[in-house]
Amino acid sequence: LDEYALVPDIFDPAAYTNGVLADFCLQFLKEPLRNEAIVRDLHDGAWSQYCRDNAGHLHRLTKEILRNLAKSNRLRRFPAQTGTTPATAQEWCAESLRGHAVSALTGIVSAHTCKQCFAHQSEVTCIEKLTGTNWWQSRSTSVTVDRKTKVYLEVLERVLQQANSLMFIDPNLDPSCPNYREFSQLLLPLSQRQPRPRVEIHRSLCRGDGRARTLPLETEWKASFGVLGNVLRSKGLAAEVFLWEDFHDRFLITDIVGVSVPGGFDVTRKENDWSTWCRLGRRDRDNIQRLFDAGANPKQLKWRFDIGAARSERVAPRSPEVASVCPEGIS
């Protein structure tokens, strides 16, 4: 997922070199925001409130874009970086840059007038020139990763921060096996969130291949997931495990993005052991989610059970506050 900060003046036709460009530029931006990215809700949510409060004086698409972002869980609330709520485009852009110094954004999109005030900031681009911006051109539906937990966490950082539901779909996922020994680390970042996201683990009820293939009992599967359950319980986390008839493909399906993960979620010690992950289209993501819906396919589901913390134990530890950082030259 990409993450953008949108300066509110992109919704103001008067801030463009020609007001008629606002309709074209905002229409162009709508689809990437629906599929590829989340938007930073600056100053602890004051950005979206500011846009809503002023929507009556802004472009007609302002309310629609805000509504779609909120409905699809694509607004990421970000801590305020100053004590005063921004009130102008320049102040919102400066707030974006301060936040960028704390946690990097893919880019900041402003209108023409504001960009002139930040001409030397490459992170900031004018919406009218968005298609010619390096970081916009670098967008991709795929990423090639080394099959190591550290890399997985880097690639999935924004997903783990934002998604409200996560389905890890891997026919071989077995926490008792050495190659899945670090899987719990992919879930631990969720311990800083409240409320907890819903976590599901989907795997095949079969273990092994060919003549070595076995069909463990439910009690054996519960024992295999026991260690993972203990780790989750210690962090106030929980997950539901689903055992299905045999399947082959591997995915991460969330409410904000679907990802094809050909090599699954195991790790190797081999150096530069590459796998290419691809972002799914909305239709494919929804179809896969339905395929692994216990209510929609009960005949394919063999067992399901919970691991980790009981509901009364799911209390988030206090998260450290994000520091307020002001990059050089921004006041």
Side-chain angles (χ1 to χ4, degrees), residues 1 3 37-41 44-45 48 69-79 102-103 149-150 152-170 173-176 180-203 221-222 224-244 250-259 261 264-265 280 285-286 288-290 292-296 301 303-322:
L1 283 174
E3 183 177 13
I38 56 177
V39 172
R40 186 166 290 183
D41 200 354
D44 201 27
S48 59
L69 289 172
K71 183 179 180 180
S72 59
N73 187 30
R74 293 184 179 275
L75 278 177
R76 179 194 173 198
R77 179 170 288 208
F78 197 80
V102 175
S103 177
T149 298
K150 178 177 181 294
Y152 293 171
L153 287 169
E154 291 171 355
V155 173
L156 296 175
E157 180 180 11
R158 289 171 179 144
V159 178
L160 297 174
Q161 289 171 340
Q162 187 69 14
N164 287 330
S165 65
L166 302 100
M167 299 170 66
F168 293 88
I169 301 170
D170 180 343
L173 203 161
D174 184 348
S176 67
Y180 287 97
R181 62 190 174 276
E182 298 177 9
F183 177 73
S184 63
Q185 296 181 34
L186 298 184
L187 305 181
L188 294 185
L190 304 177
S191 67
Q192 299 300 318
R193 297 181 52 191
Q194 190 69 284
R196 302 288 198 228
R198 176 177 173 81
V199 177
E200 298 179 2
I201 299 170
H202 299 259
R203 68 146 293 146
W221 278 123
K222 287 182 176 180
S224 294
F225 279 87
V227 173
L228 175 60
N230 291 338
V231 173
L232 296 181
R233 185 178 298 108
S234 70
K235 298 296 182 180
L237 293 169
E240 188 169 10
V241 180
F242 296 78
L243 281 299
W244 296 89
R250 298 155 172 86
F251 304 97
L252 172 61
I253 303 296
T254 78
D255 56 317
I256 53 176
V257 68
V259 186
V261 187
F265 299 100
L280 301 171
R285 182 190 70 185
D286 293 345
I288 293 165
Q289 185 174 23
R290 281 192 291 269
F292 288 91
D293 183 335
L301 180 63
W303 295 302
R304 60 189 294 184
F305 53 85
D306 295 322
I307 59 173
R311 188 172 298 277
S312 61
E313 301 173 308
R314 300 173 196 176
V315 179
R318 184 175 180 178
S319 302
E321 294 185 1
V322 178

Nearest 0.5 Å, what's the [atom1]-[atom2] distance between [X] and [Y]?
{"X": "Gln161", "Y": "Leu190", "atom1": "CD", "atom2": "CG", "result": "10.5 Å"}
{"X": "Leu188", "Y": "Thr149", "atom1": "CG", "atom2": "OG1", "result": "10.5 Å"}
{"X": "Phe225", "Y": "Leu173", "atom1": "CZ", "atom2": "CG", "result": "5.5 Å"}
{"X": "Asp255", "Y": "Leu166", "atom1": "CG", "atom2": "CG", "result": "7.5 Å"}
{"X": "Leu186", "Y": "Tyr180", "atom1": "CG", "atom2": "OH", "result": "11.0 Å"}
{"X": "Phe78", "Y": "Asp41", "atom1": "CZ", "atom2": "CG", "result": "11.5 Å"}

Exercise for the section: For the residue pair Phe168 and Phe183, categorise the inter-ring angle as parallel (less than 30°), tilted (30 to 60°) or perpendicular (more than 60°). Expected result: perpendicular
Practice task
Identify the residue among His202, Arg304, Arg203 that makes a side-chain contact (heavy atoms from CB on, under 4.5 Å) with Leu243.
Solution key: Arg203
Handout entry: Ile38 and its side-chain contact (heavy atoms from CB on, under 4.5 Å) partner, picked from Leu75, Leu1, Asn73, Val159
Key = Leu1
Practice task
Could you walk me through whether Phe292 and Phe251 pass ring pair (Phe, Tyr, Trp, His ring centres under 6.0 Å), step by step?
Solution key: CA-CA 11 Å; Phe292 288 91; Phe251 304 97; 7.3 Å; no
Compare every heavy atom of [Y] with every heavy atom of [X], then report the nearest pair and how far apart it is.
{"X": "Gly236", "Y": "Ala309", "answer": "C-CB, 3.8 Å"}
{"X": "Gly308", "Y": "Leu232", "answer": "CA-CB, 4.0 Å"}
{"X": "Pro189", "Y": "Leu160", "answer": "CG-CD1, 4.0 Å"}
{"X": "Arg285", "Y": "Ile256", "answer": "NH1-C, 3.3 Å"}
{"X": "Ile307", "Y": "Gly229", "answer": "CB-CA, 3.9 Å"}
{"X": "Gln185", "Y": "Leu153", "answer": "O-CD2, 3.5 Å"}

Exercise for the section: Begin from the C-alpha positions of Val155 and Val259 and carry the test side-chain contact (heavy atoms from CB on, under 4.5 Å) through to its verdict. Expected result: CA-CA 11 Å; Val155 173; Val259 186; over 6 Å; no
Exercise for the section: Would you check if Arg40 and Ser103 make a side-chain contact, meaning some heavy-atom pair closer than 4.5 Å? Expected result: yes
Fill in the blank from the handout: The side-chain hydrogen bond (donor to acceptor under 3.5 Å, both in side chains) partners of Trp221 (sequence neighbours excluded) come to none
Practice task
Sequence neighbours left out, what passes side-chain hydrogen bond (donor to acceptor under 3.5 Å, both in side chains) with Ser72? Give chain and number order.
Solution key: none
Pairing residues for [X] by the salt bridge (Lys or Arg N to Asp or Glu O under 4.0 Å) criterion, not counting sequence neighbours:
{"X": "Arg198", "answer": "Glu200, Glu240"}
{"X": "Arg250", "answer": "Asp170"}
{"X": "Arg76", "answer": "Glu3"}
{"X": "Lys150", "answer": "Glu154"}

Handout entry: Test item: Arg196 side-chain N/O and Leu237 main-chain N/O as donor-acceptor pair under 3.5 Å
Key = no
